[in-house]
Amino acid sequence: MVDKVFEKSITKQFEFDEDVASVFDDMLNRSVPFYKEMQRLSINFACNFLEEDDKVYDLGCSTASTLIELSKHCEKNLNLIGIDNSEAMLSRASKKAKAFGVDIDLINADLHDVSYKNAKLILSNYTLQFIRPLQREKLVKKIYDSLENKGIFIFSEKVISANPTLNKQSIDEYYEFKKTQGYSEFEIAQKREALENVLIPYTEDENKQMIKDAGFSHCETIFKWVNFATFIAIKE
Ligand SMILES: C[S@@+](CC[C@H](N)C(=O)[O-])C[C@H]1O[C@@H](n2cnc3c(N)ncnc32)[C@H](O)[C@@H]1O
Ligand SMILES: O=C(O)C(=O)C[C@]1(C(=O)O)C=C[C@@H](O)C=C1
């Protein structure tokens, strides 16, 4: 279904509710520049590290698109676990996984309340940005502690620039991108307001610092388009 959520005047902050979940795949494809390419890269990098029967967690799995693609592209048997606290997202994830014949353990829980024991790969695309900063640092530390030795953490985030001029230019560039995807200026403004104080982006450097502070020895940006970036961190 086509995303028309912000054609109407907003009455509340952005939420992953039934309205958003029902159009989410279209929303993501049209709102995150190069979403499919970022997903393809994440999966390719992940597959190089994964071995038979490894445990993979997707934090904020939404409709399970990434786990389904991972299962299609990685020729090994993997234990796939998707976690999200939106029932609307998980009911779509469950239907999609069934339709594609992919076995995924879907857990409805807050990311802070789950144990990620024996994880070889933890994925989290565009989810940490929705976690309050202090909680975010704690969650990343938990991710580090849960990973096996040589485990990896792949995550994507909307990012800001520490330079105000470049930051403004990046936001303008992003809104031009949204217009090319068919969103009107009204929809763009409505969503911007709804996301205010809900989506809290860090700079690329702040993300890398948070990763280092959690204990990871290495973190690389594997993809970046203006204000959207994908990182890979290794536990060694
Ligand atoms: C932008 S979406 C993630 C997109 C998804 N990773 C993908 O690539 O298709 C963020 C997801 O995180 C979930 N989420 C946000 N905060 C959460 C929390 N504290 N616990 C569990 N899930 C959370 C939301 O319900 C939403 O489905
Ligand atoms: O539309 C925006 O402004 C966005 O930041 C895109 C974004 C994201 O980066 O997570 C915001 C909310 C939805 O979850 C989908 C995409």
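Order of listing sets the numbers, starting from 1, for every ligand and every atom in it. For the single chain, residues carry numbers from 1 onward in sequence order. Only this structure's heavy atoms are used, side chains among them; waters, hydrogens and symmetry mates stay out.
Residue contacts with ligand 1: N85 is placed with a nitrogen or oxygen under 3.5 Å of a nitrogen or oxygen of the ligand (distance criterion only). Every N/O-N/O distance between I83 and ligand 1 stays at or above 3.5 Å. Geometrically, ligand 1 and Y126 share no nitrogen or oxygen pair separated by less than 3.5 Å. Annotation: G60 places an N or O atom under 3.5 Å from an N or O atom of ligand 1; distance criterion only.
Contacts between V20 and ligand 2 below 4.0 angstrom, taking non-hydrogen atoms only, are absent altogether. For D110, heavy-atom contacts with ligand 1 shorter than 4.0 Å involve the backbone as well as the side chain. At a heavy-atom cutoff of 4.0 Å, ligand 2 is contacted by the side chain of K191 but not by its backbone. Only the side chain of L28 comes within 4.0 Å of ligand 1, judged by heavy-atom distances. With a 4.0 Å heavy-atom cut-off, ligand 1 is reached by the backbone of A109 but not by any atom from C-beta on.
A distance-only check finds no donor-acceptor pair linking the side chain of D105 to the backbone of I81 [under 3.5 Å]. With N227 contributing its side chain and V159 its backbone, the two residues share no donor-acceptor pair below 3.5 Å. Between the side chain of K120 and the main chain of V56, no donor-acceptor pair closer than 3.5 Å is present. For K55 (side chain) and L121 (main-chain N/O), no donor-acceptor pair under 3.5 Å exists by modelled atom type. In this structure, N85 contributes its side chain and A109 its backbone to no donor-acceptor pair below 3.5 Å. A donor-acceptor contact shorter than 3.5 Å links the side chain of E157 to the backbone of L128.
Here the heavy atom of the protein found nearest to atom 20 (N) of ligand 1 is L111 N, 3.0 Å. Of the protein's non-hydrogen atoms, S62 OG, 3.3 Å is the one closest to atom 4 (C) of ligand 1. The protein heavy-atom contact nearest to atom 6 (C) of ligand 2 is Y174 OH, 3.5 Å. In this structure, the protein non-hydrogen atom closest to atom 13 (C) of ligand 2 is F14 CZ, 3.7 Å.
The atoms of ligand 2 that sit less than 4.0 Å from any heavy atom of F228 are 9 (O). For ligand 2, the atoms lying closer than 4.0 Å to a non-hydrogen atom of K158 are 2 (C), 3 (O), 4 (C), 5 (O). Ligand-side atoms of ligand 1 in range of I131: 19 (N), range being under 4.0 angstrom from any heavy atom. Taking every heavy atom of M89 and a limit of under 4.0 angstrom, the matching atoms of ligand 1 come to 27 (O). With ligand atoms numbered from 1 in the order given, ligand 2 contributes 14 (O) to contacts under 4.0 Å with heavy atoms of F16. Interface of F24 with ligand 2, defined as ligand atoms under 4.0 Å from a residue heavy atom, comprises 14 (O). Which parts of ligand 2 touch L28 is read off a 4.0 Å heavy-atom cut-off, strictly below it: atoms 15 (C), 16 (C). Applying the 4.0 Å criterion to heavy atoms of T66 picks out, from ligand 1, the atoms 8 (O). Applying the 4.0 Å criterion to heavy atoms of Y35 picks out, from ligand 1, the atoms 7 (C), 8 (O), 9 (O). Close contacts of ligand 1 with T127, meaning ligand atoms under 4.0 Å from a residue heavy atom, involve 3 (C), 10 (C), 11 (C), 12 (O). Close approach of ligand 1 to S86 is summarised as follows: ligand atoms under 4.0 Å from at least one heavy atom of the residue are 25 (O).
Stacking of R92 on the aromatic ring of F24 is not recorded, the 6.0 Å distance cut-off and the 45° axial limit not both being met. Seen from the ring of Y144, K235 counts as a face-on cation partner, given the 6.0 Å and 45° thresholds. Under a cutoff of 6.0 Å and an axis angle of 45°, R136 and Y202 form a cation-pi pair.
Residues F228 and Y174 place their aromatic rings such that the two centres sit under 6.0 Å apart.
Evaluated by nearest non-hydrogen atom to atom 25 (O) of ligand 1, the leading choice among I68, L123, D84 is D84. Of the options E157, K178, Q129, R192, the smallest heavy-atom separation from atom 8 (C) of ligand 2 is shown by Q129.
The pair E37-R40 meets the salt-bridge criterion, with a side-chain N (NZ, NE, NH1 or NH2) lying under 4.0 Å from an Asp/Glu carboxylate O. Under the 4.0 Å criterion applied to side-chain N and carboxylate O atoms, K224 and E204 are assigned as salt-bridge partners.
Remark: the N167 side chain and the S161 side chain contain no N/O donor-acceptor pair separated by less than 3.5 Å. Counted by atom type alone, Q209 and D213 present one or more donor-acceptor pairs between their side chains at under 3.5 Å.
Among D84, I104, I107, T127, the one residue that satisfies the side chain to side chain contact (heavy atoms under 4.5 Å, CB included) test with C61 is D84.
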